[in-house]
Amino acid sequence: MLELHCHTTFSDGSLTPQQLVNRAVAKGVKALAITDHDTISGWEEARSAAAPHGLEIVPGIELSTTYNGRSMHILGFYPDPHKLEAPLQERINGRHRRAQKMVEKLGELGYPIELPPMSGNMAPGRPHVAKAMHAAGYVTSVQEAFQRFLGDHGPAYVPYEKFTAQEGIDLLKSCGAVPVWAHPYLFHGGVVEEVLPELVKDGLMGVEVYHPQHSSSEERVLEELCEKYGLVMTGGSDYHGPQSKPKASDVDLNGLNLSLGLLDRVKQAATDLKRKG
Ligand code: AMP
Ligand code: ZN
Ligand code: FE
Ligand code: FE
């Protein structure tokens with residue numbers, strides 16, 4: 001019923017917002033968050049596409065930040081788009097610069113590629129680079145491009161431009177958005193039980209408990225931690241579109257079968273934040 005983590009062609013998803021909405025409707029989703037990496041450009045098309053079907057679009061984003069020097073993703077729900085626009089453009093510009101740096105590194109390694117043209121409101125990421133390598137015939141799959149070149153220790157890897165989790169949380173809250181730590185068990189810079197209390201001190205309000213790459217025992221731990229720290233719980237399939245070579249953990253839209261009731265506390269938290277101003 002509920003999907004709170006999805007990507008479109010405005011970042012590294014393979015479906016347009018219109019196509020994503022069509023698929024969500026077909027799969028029985030009742031409320032769908034659009035959470036592209038560092039861009040909110042997909043909302044408008046998603047809303048127009050969803051309206052005739054009575055599908056609720058939850059405005060969202062997945063911010064790329066760093067914590068302990070490693071990549072950390074922070075979801076934000078219900079940001080005020082006007083307040084977010086200018087600071088976000090700087091993040092998107094940083095993603096364009098970073099993609100170009102990866103292209104330069106690959107060129108120096110003997111693998112020249114060209115990225116597809118991307119407009120200034122789209123957020124390029126490593127999957128775009130990986131797909132270009134595949135298209136050029138250097139690798140047999142996107143997965144191989146990550147394994148050999150683009151993974152966190154790969155020779156063509158370039159980290160995000162500096163933007164700390166604290167800065168991300170502050171930005172989201174200043175725009176009225178509920179900051180939620182995305183897929184905590186995919187974080188490589190520390191232990192969940194130790195990092196989470198620090199993030200709570202920094203103003204974090206929620207945790208993405210339900211994610212295809214979390215085991216059920218990890219989800220139980222996160223549920224308990226949310227209880228302990230009074231945090232909002234979210235979840236979603238982190239859907240990037242149909243995959244030619246799906247990972248074992250990949251799930252389709254609505255694959256986690258989450259209850260719509262989870263959304264109530266997210267909405268309440270967003271309302272409380274805006275009331276506090
Ligand atoms: P970026 O934010 O540009 O560093 O790219 C991160 C995105 O790349 C993630 O959100 C995933 O969608 C994708 N990704 C990360 N690791 C892999 C991998 N090993 N194989 C395929 N896609 C990956
Ligand atoms: Zn992604
Ligand atoms: Fe993520
Ligand atoms: Fe994601």
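Just so you know, ligand 1 is whichever comes first in the structure, and atom 1 is the first atom listed for that ligand.
No side-chain donor-acceptor contact under 3.5 Å links R126 to the backbone of V158. In this structure a side-chain-to-backbone donor-acceptor pair under 3.5 Å is missing from T65 to H73.
The nearest N/O/S atom of H73 to the Fe ion (ligand 3) is ND1. Nearest N/O/S atom of E62 with respect to the Fe ion (ligand 3) is recorded as OE2.
Salt bridge annotation for D12-K131: absent, with no cationic side-chain nitrogen under 4.0 angstrom from a carboxylate oxygen. A salt bridge links E223 with R220: the closest approach of a Lys/Arg side-chain nitrogen to an acidic carboxylate oxygen falls below 4.0 angstrom. A salt bridge links R95 and D38; the closest N-O separation between the charged side-chain nitrogens and carboxylate oxygens is under 4.0 Å. Using a cutoff of 4.0 Å between basic side-chain nitrogens and carboxylate oxygens, R23 and D252 are scored as salt-bridged. Ion pairing of K105 with E108 is absent here, as no side-chain N (NZ or NE/NH1/NH2) approaches a carboxylate O to less than 4.0 Å.
Listed by chain and number, D12, H37, R95, R98, G125, R126, P127, Q143, F146, Y160, H240 each place a non-hydrogen atom less than 4.0 angstrom from ligand 1.
Distances from the Fe ion (ligand 3) show that H183 has an N/O/S atom below 2.8 Å. With 2.8 Å as the limit, H240 counts as an N, O or S neighbour of the Zn ion (ligand 2). The Zn ion (ligand 2) has no N, O or S atom of E62 closer than 2.8 Å.
By the 30° and 60° cut-offs, the orientation of the rings of H240 relative to H7 is parallel.
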